[in-house]
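Hydrogens, waters and symmetry mates play no part in the numbers below; they use all other heavy atoms, side chains included.
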Amino acid sequence: MAESKTGGQPYTCNEYREEMILLSLQRQLAAIDLSPEKKEALLKEIAKIEILMGLD
């Protein structure tokens, strides 16, 4: 079983889900034709996910 970065605890489905959401948001942020409003919204959402994941 895979271990998380949190000291030997099992890697949970919720952690996996948060990582996949974060990756998706980061990919959207890399889009060439992104409006400033959409970019700001994505950055805010990324910040929220990073806080949930303890990456802040």
Side-chain angles (χ1 to χ4, degrees):
M1 176 176 268
E3 292 185 2
S4 73
K5 56 198 166 296
T6 58
Q9 295 296 321
Y11 184 68
T12 67
C13 292
N14 284 338
E15 289 172 324
Y16 177 79
R17 181 177 181 270
E18 289 169 347
E19 286 183 16
M20 293 304 107
I21 291 170
L22 181 60
L23 288 172
S24 173
L25 292 169
Q26 289 171 337
R27 274 190 230 120
Q28 290 177 50
L29 189 60
I32 295 170
D33 59 345
L34 198 61
S35 72
E37 296 83 14
K38 181 69 174 173
K39 183 175 182 176
E40 184 178 343
L42 286 169
L43 288 170
K44 285 180 182 178
E45 192 63 28
I46 287 170
K48 285 184 352 187
I49 296 293
E50 287 177 341
I51 289 169
L52 282 173
M53 294 175 70
L55 299 176
D56 61 329

- Task: Determine whether M53 and E50 make a side-chain contact, defined as any pair of heavy atoms from C-beta on separated by less than 4.5 Å.
- Result: no

- Sort out for me which residue in L52, L55, L23 forms a side chain to side chain contact (heavy atoms under 4.5 Å, CB included) with E18. L52

- Query: What is the distance from atom CD of Q28 to atom CD of Q26, rounded to the nearest 0.5 Å?
  - Reply: 10.5 Å

- Note on the structure: Result for side chain to side chain contact (heavy atoms under 4.5 Å, CB included) between L42 and one of K44, K38, K39 points to K38

- Task: Heavy atoms only: give me the nearest L29-L34 pair and the separation to one decimal.
- Result: O-CD2, 3.5 Å

- Note on the structure: What one should report as the nearest heavy-atom pair of Y11 and Y16 is OH-CA, 3.4 Å

- Shared ILVMFWY cluster between I51 and L25, side chains joined below 4.5 angstrom? no

- Message: Once rounded to the nearest 0.5 Å, what's the spacing between atom CD of E19 and atom CG of L22?
- Response: 8.0 Å

